[in-house]
Protein chains: 2
Amino acid sequence: MPTSTLAIGALAKRTGVKIPTIRYYESIGLLPEAPRTGSNRRTYDEASVRRLRFIRHARELGFEVEAIRQLLTLADDPGGPCREADVLARAHLAEIESRITRLEALRDEVRRMVEGCAQDQVRSCHVIEVLADHAHCLHERH
Amino acid sequence: MPTSTLAIGALAKRTGVKIPTIRYYESIGLLPEAPRTGSNRRTYDEASVRRLRFIRHARELGFEVEAIRQLLTLADDPGGPCREADVLARAHLAEIESRITRLEALRDEVRRMVEGCAQDQVRSCHVIEVLADHAHCLHERH
DNA sequence: TTAGAATCTCCAGCGACTGGAGGATTGAGG
DNA sequence: CCTCAATCCTCCAGTCGCTGGAGATTCTAA
Ligand SMILES: [Zn+2]
Ligand SMILES: [Zn+2]
Ligand SMILES: [Zn+2]
Ligand SMILES: [Zn+2]
């Protein structure tokens with residue numbers, strides 16, 4: 001293999017993405033099918049590194065694969081308008097904020113559960129009581 | 001079937017848990033194997049309703065199935081000490097708090113992404129720029 | 001009697017990977 | 001040149017907590 005191309009293991013090291021995950025991304029079409037050597041091994045280049053880093057970073061920031069697929073398509077057309085990318089990012093932001101709100105409500109309930117317990121028998125354990133009856137909760141829905 | 005017992009559909013209505021989910025809980029041992037009628041249909045009683053409501057409420061509060069399994073075992077022994085239940089709940093609380101912290105960091109990054117965009121071409125889109133290079137981020141790790 | 005509702009079992013799919021089995025190929029040291 | 005570990009390949013199964021569909025049976029009410 002020429003030195004200018006990377007084997008899958010080298011790509012994995014450069015990007016921090018595990019080898020099976022790289023193959024998985026190819027299988028779902030997030031990465032294009034990599035050209036193969038004569039012995040059927042995948043080869044990559046610097047563009048692959050950039051693309052995979054983009055994917056990895058987007059995943060770390062919580063974007064779903066479908067959103068990343070669209071973001072990649074948009075990124076491939078630098079002359080086009082960026083509004084769609086922004087819409088995607090704003091939707092993701094809204095999703096994160098909603099998850100935080102729900103988790104904060106959960107946190108309050110679970111905190112009340114543990115703080116209300118006198119640490120005695122199960123019979124009088126506030127944790128068990130609350131689990132057994134949602135009426136002990138502050139929030140109507142979880 | 002005697003009127004004092006419930007069919008699975010009735011149990012589902014009483015608890016808000018879907019029928020396939022009830023069967024799933026039985027299959028993984030969260031619910032005991034339900035006694036069957038002569039024609040092989042599952043039968044339940046009021047104790048089943050209480051147990052399933054407990055499970056459902058714990059799930060709504062975000063407890064994992066393994067934790068619920070332990071909580072149920074503890075709840076079945078009202079005379080025992082409740083410390084284990086409290087440990088489980090505290091661990092869950094810590095997990096929720098850690099998830100919130102991580103999500104807040106994500107929210108900050110994604111918010112910065114969208115707020116920094118001038119809504120022009122992809123070429124200069126801040127969303128795309130940040131995704132392509134983690135160096136634009138505030139936090140070292142996500 | 002008969003239609004339709006309810007139940008049964010088995011199995012596949014979701015999302016986003018992760019890892020193992022079993023086999024082929026490569027590269028480096030002796 | 002030879003051997004052997006490292007690397008790579010494909011295929012498949014498992015993760016978690018459900019969810020729903022297919023096809024068969026049984027119950028219920030008109
Ligand atoms: Zn307690
Ligand atoms: Zn509640
Ligand atoms: Zn933009
Ligand atoms: Zn980043």
Side-chain angles (χ1 to χ4, degrees), chain A residues 1-3 5-31 33-44 48 52 54-72 92 95-96 99 102 106 142, chain B residues 1-3 5-31 33-44 48 52 54-72 92 95-96 99 102 106 142:
Chain A
M1 191 166 47
T3 46
T5 73
L6 299 166
I8 195 169
L11 179 64
K13 278 208 182 69
R14 291 275 304 274
T15 59
V17 178
K18 291 179 182 167
I19 291 174
T21 304
I22 296 173
R23 291 197 275 244
Y24 170 70
Y25 286 158
E26 180 181 310
S27 81
I28 62 171
L30 259 199
L31 287 176
E33 290 191 20
R36 306 293 184 112
T37 67
S39 64
N40 200 33
R41 297 187 173 200
R42 291 170 178 85
T43 60
Y44 300 93
S48 316
L52 187 48
F54 185 103
I55 294 171
R56 181 183 179 229
H57 197 210
R59 285 294 300 133
E60 284 170 349
L61 289 169
F63 285 88
E64 294 179 1
V65 163
E66 273 320 298
I68 297 175
R69 200 187 298 278
Q70 304 197 63
L71 288 165
L72 282 166
H92 182 44
E95 171 64 26
I96 292 173
R99 289 220 290 261
R102 271 178 285 139
L106 282 197
H142 297 297
Chain B
M1 189 166 50
T3 46
T5 71
L6 299 166
I8 195 170
L11 179 64
K13 279 207 181 69
R14 291 277 303 274
T15 59
V17 178
K18 290 180 183 167
I19 290 174
T21 304
I22 296 173
R23 291 197 274 244
Y24 169 71
Y25 286 159
E26 180 181 311
S27 81
I28 63 171
L30 260 198
L31 287 175
E33 289 191 21
R36 305 293 183 112
T37 68
S39 64
N40 200 34
R41 297 187 173 202
R42 291 171 179 84
T43 61
Y44 300 94
S48 316
L52 187 48
F54 185 103
I55 294 169
R56 179 180 181 233
H57 197 209
R59 283 295 299 133
E60 284 171 348
L61 288 169
F63 284 88
E64 293 180 3
V65 163
E66 274 319 298
I68 297 175
R69 199 187 299 278
Q70 305 198 62
L71 288 165
L72 283 167
H92 182 44
E95 171 64 26
I96 292 173
R99 287 219 291 260
R102 271 176 286 137
L106 282 198
H142 297 297

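Note that the structure is a prediction, hence the values are computed from the model and not measured. A, B, ... follow the sequence lines: proteins, then strands. Residue 1 opens every chain. The figures that follow rest on heavy atoms only: side chains count, while hydrogens, waters and symmetry mates do not.
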Pairs meeting criterion side chain to side chain donor-acceptor pair (under 3.5 Å) with involvement of residues 58-71 of chain B, two or more places apart: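 Every side chain to side chain donor-acceptor pair (under 3.5 Å) pair that includes a residue of residues 58-71 of chain B, provided the two are not neighbours, is B/R56-B/E60, B/E66-B/R69.
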According to the side chain to side chain donor-acceptor pair (under 3.5 Å) rule, which pairs have a member within residues 16-30 of chain A, sequence neighbours left out?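 For residues 16-30 of chain A: A/E26-A/R42.
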Mind checking what makes side-chain contact (heavy atoms from CB on, under 4.5 Å) contact with A/R14, not counting sequence neighbours?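 Partners of A/R14 by the side-chain contact (heavy atoms from CB on, under 4.5 Å) criterion, ordered by chain and then number, come out as A/L6, A/E46, A/V49, A/R53.
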Atom-to-atom span, CD of B/E26 to C1' of C/dC10 - whole angstrom: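 Going from CD in B/E26 over to C1' in C/dC10 covers 15 Å.
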Nearest-Å distance, CD1 (A/I68) to P (C/dG15)?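 Roughly 13 Å, once rounded to whole Å.
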Residues in side chain to side chain donor-acceptor pair (under 3.5 Å) with B/S48, at least two apart?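 For B/S48, the residues satisfying side chain to side chain donor-acceptor pair (under 3.5 Å) (neighbours in sequence not counted) are B/D45.
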Readout for nucleotides 6-20 of chain D: B = base within 4.0 Å of protein heavy atom, S = sugar-phosphate only, - = neither; 5' to 3' it is -BSSB------BBBB
Which residues pass the ring pair (Phe, Tyr, Trp, His ring centres under 6.0 Å) test with B/F63, sequence neighbours left out?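 For B/F63 the ring pair (Phe, Tyr, Trp, His ring centres under 6.0 Å) partners, ignoring immediate neighbours, are B/H92.
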